[in-house]
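Protein chains get the first letters and strands the later ones, always in sequence-line order, with residue 1 at the start of each. Since this is a predicted model, take the numbers as computed values, not measurements.
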Amino acid sequence: MKRLLRNPAAVAGMLIIGLLLLTAALAPLISPHDPTLQDLALRLKPPGTAGHLLGTDRLGRDVLSRIIYGSRLSLLISISSVLIGMSIGVPLGLVAGYFGGKIDDLLMRLGDIQLSLPFILLVIAIIAALGPSLTNTILTLGVTSWVVYARVVRGSVLSLKELDFVQAARALGAPTRRILLRHLLPNAAGPLIVVATLELARIIVSEAALSFLGLSGVPPEVPSWGQMLADGREVLYFGGWWVATFPGVAISLVVLGINLLGDALGEVLDPRSR
Amino acid sequence: MLSYIVRRLLLVIVVVWGAATLAFGLLYLSGDPVNLLLPLDASEEARQEMRHAYGFDQPIYVQYARYLYKLTHGDFGTSLRSEEPALGLVLQRMGPTLLLAGWGLLFAVAFGVPAGVLAAVRKGSFVELITMTFALLGQSVPVFWLGLMLILVFGLKLHWLPISGAGSWKHLVLPVITVGTFVTASIARLTRSGVIQELRSDHVRTARAKGLSGRVVVYKHALRNAAIPVVTIIGLQLGALLSGAVITETIFAWPGIGRFVLIAVSQRDFPVVQTTVVVFALMLAFVNLIVDLTYLWLDPRVRYS
């Protein structure tokens with residue numbers, strides 16, 4: 001932690017993420033307007049219009065308020081997807097790395113097959129089959145991300161399982177379950193945290209991409225950054241540049257913050273870089 | 001060497017089979033396909049007839065076997081909408097997408113590699129700070145937003161470049177920058193760390209000690225070895241590049257497979273979606289094979305057995 005605080009990139013990243021969390025938590029308090037309130041008299045007002053710092057969209061809704069509330073959806077989707085992906089990928093990675101052999105081969109080939117498809121095409125195909133809905137978006141983004149977690153955990157386990165403390169635990173007759181969960185998993189946590197952090201960013205962008213393509217199944221009245229971009233695209237050609245610009249800045253900033261923190265975490269947790 | 005290539009070709013087959021199975025499974029997740037084909041008020045007889053005509057009344061393993069058999073004979077089914085063979089439709093749209101992705105990759109290599117080398121050679125300098133800041137930004141900006149901003153600035157405000165469609169080289173500029181930026185940034189960052197690692201290695205120190213000039217050391221000794229991770233990353237980025245192309249096409253109304261598959265999805269034209277999945281898997285599997293074979297040429301130490 002101390003090393004992390006001495007790294008300016010990490011501090012910048014944590015500040016941005018902290019800001020995001022605060023925004024999401026305090027949305028009702030800090031948002032100037034109701035994000036769903038339509039005011040057709042105030043359609044497409046540019047930034048700086050009295051009371052609307054970042055302007056309004058084509059239904060007269062306040063862009064700033066929608067960005068503030070949109071952070072909640074991004075967090076909800078990214079955090080739940082990462083948790084789903086980890087709950088599948090981590091056990092599979094532990095098993096593949098510890099037992100090796102056929103099960104390892106099978107799991108890793110499955111991963112290869114999945115990674116042989118462009119991610120967005122895979123997600124589009126699955127959502128097309130299941131039908132777009134918020135639950136299906138979270139499930140799809142979560143389940144398809146198992147491979148990264150499985151690979152990272154497997155890699156750690158492969159290098160850890162021959163070490164003395166694991167061998168000792170085994171010699172003492174510790175049950176496999178205990179070895180996996182108490183000895184191997186905690187020691188594989190470092191790289192896992194780094195990957196999970198970077199995955200948060202990837203999921204936020206993927207969700208926005210799906211919303212942008214009209215496939216995320218988020219109801220239109222719920223403020224979502226990707227949905228705002230899609231709306232903004234339609235009015236872009238008629239001079240309404242602000243509707244698409246500001247949510248994009250929000251996404252980029254959050255992704256930048258996560259990338260900064262993820263990179264710094266990677267350096268701190270990787271003993272070779274000391 | 002030969003046995004290695006044979007084994008890798010087998011892996012290509014396994015991967016494509018997996019993708020085909022996935023595509024087959026997806027159709028069954030989507031519920032009764034007859035509902036997609038017929039109007040809601042179709043009679044039960046019409047439904048039965050349809051099921052029979054398409055073989056949907058057979059047990060699932062029979063359907064699966066039949067599907068695989070047809071695939072191996074190049075029959076990817078017929079588009080439910082246009083009633084033309086799906087494979088032909090997909091391949092037709094693949095050209096513009098590959099053009100876009102290919103130029104995107106070229107753009108990324110042309111800017112990413114020099115930026116990475118520059119940042120590594122001038123480590124600690126202002127140049128490194130600038131290039132790496134841009135690389136970090138390039139990795140953080142979502143493709144679709146970048147595309148919209150490019151349209152806004154270069155199309156709508158400055159009127160320098162067309163904002164949609166295909167035709168002249170001018171139509172390519174904005175989509176190629178949109179597709180290529182993320183990959184440029186990744187390549188720049190990885191080239192930098194690869195070259196830094198190489199510059200620290202023993203053989204570079206030896207070359208320096210022999211009194212070779214800095215330029216010779218960088219270009220002949222360090223860069224060649226740093227090229228290995230860069231080639232890997234290019235291989236790995238192809239998926240990202242094609243994902244980016246799918247989104248970029250929708251923004252710039254580029255007549256490629258991305259836009260086509262999205263229309264197919266909205267029309268629930270499953271044979272087209274399935275065919276796209278299988279064709280992409282086949283393509284990427286072959287590209288990865290080529291990437292692996294490139295190592296042999298780049299690094300004499302690598303010997304596949």
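- A distance of 5.0 Å separates CG of A:Leu260 from CG of B:Leu136, quoted to the nearest 0.5 Å.
- With a 4.5 Å cut-off on non-hydrogen atoms, B:Val277 touches chain A through its backbone and its side chain both.
- Options B:Leu11, B:Ile257, B:Leu152, B:Ile151 differ in how many heavy-atom pairs under 4.5 Å they form with chain A, and the most are formed by B:Leu152.
- With values rounded to the nearest 0.5 angstrom, A:Leu213 atom CG is found 5.5 Å from B:Ile247 atom CD1.
- Counting heavy-atom neighbours within 6.0 Å of A:Ile103 CD1, excluding the residue itself, gives a total of 12 or less.
- Put simply, the side chain of B:Val15 does not reach to within 4.5 Å of the side chain of A:Gln114, judged on heavy atoms.
- For the atom pair CZ of A:Arg233 and OG1 of B:Thr250, the computed distance is 5.5 Å after rounding to the nearest 0.5 Å.
- For the options A:Ile258, A:Val123, A:Leu122, A:Val249, heavy-atom pairs under 4.5 Å to chain B are most numerous at A:Val249.
- The choice from A:Leu229, A:Leu253, A:Val254, A:Ile251 that makes the most heavy-atom pairs within less than 4.5 Å of chain B is A:Leu229.
- In this structure, the separation between CD1 on A:Ile126 and CG on B:Leu22 is 6.0 Å, given to the nearest 0.5 Å.
- One N or O on the side chain of B:Trp145 and one on the backbone of A:Ala244 form a donor-acceptor pair closer than 3.5 Å.
- Taking chain A as the reference chain and counting heavy-atom pairs below 4.5 Å, the highest number among B:Ala264, B:Pro142, B:Ala285 is found for B:Pro142.
- You'll find the side chain of A:Leu256 stays beyond 4.5 Å of the side chain of B:Val141, heavy atoms only.
- To the nearest 0.5 Å, atom OG of residue A:Ser252 and atom CD of residue B:Gln139 are 13.0 Å apart.
- Side chains of A:Leu121 and B:Leu242 form no contact here, defined as non-hydrogen atoms less than 4.5 Å apart.
- Ranking A:Leu110, A:Thr245, A:Leu215, A:Ile127 against chain B, the residue ahead of the rest is A:Thr245, based on heavy-atom pairs under 4.5 Å.
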*Where do A:Val205 and B:Phe144 land on the side-chain contact (heavy atoms from CB on, under 4.5 Å) test, with the steps shown first?*
CA-CA 10 Å; A:Val205 173; B:Phe144 38 93; 4.3 Å; yes

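- Counting heavy atoms from C-beta outward, B:Leu148 and A:Phe212 have side chains that approach closer than 4.5 Å.
- Annotation: the span from B:Arg189 atom CZ to A:Asn259 atom CG amounts to 7.0 Å, rounded to 0.5 Å.
- Of the two parts of B:Ala281, the backbone and the side chain both hold a non-hydrogen atom closer than 4.5 Å to a non-hydrogen atom of chain A.
- Although no hydrogens or angles enter the test, the distance criterion places a donor-acceptor pair under 3.5 Å between the side chain of B:Ser243 and the main chain of A:Ile120.
- Contact tally against chain B (heavy-atom pairs below 4.5 Å) for A:Asp112, A:Val255, A:Leu115: the top residue is A:Val255.
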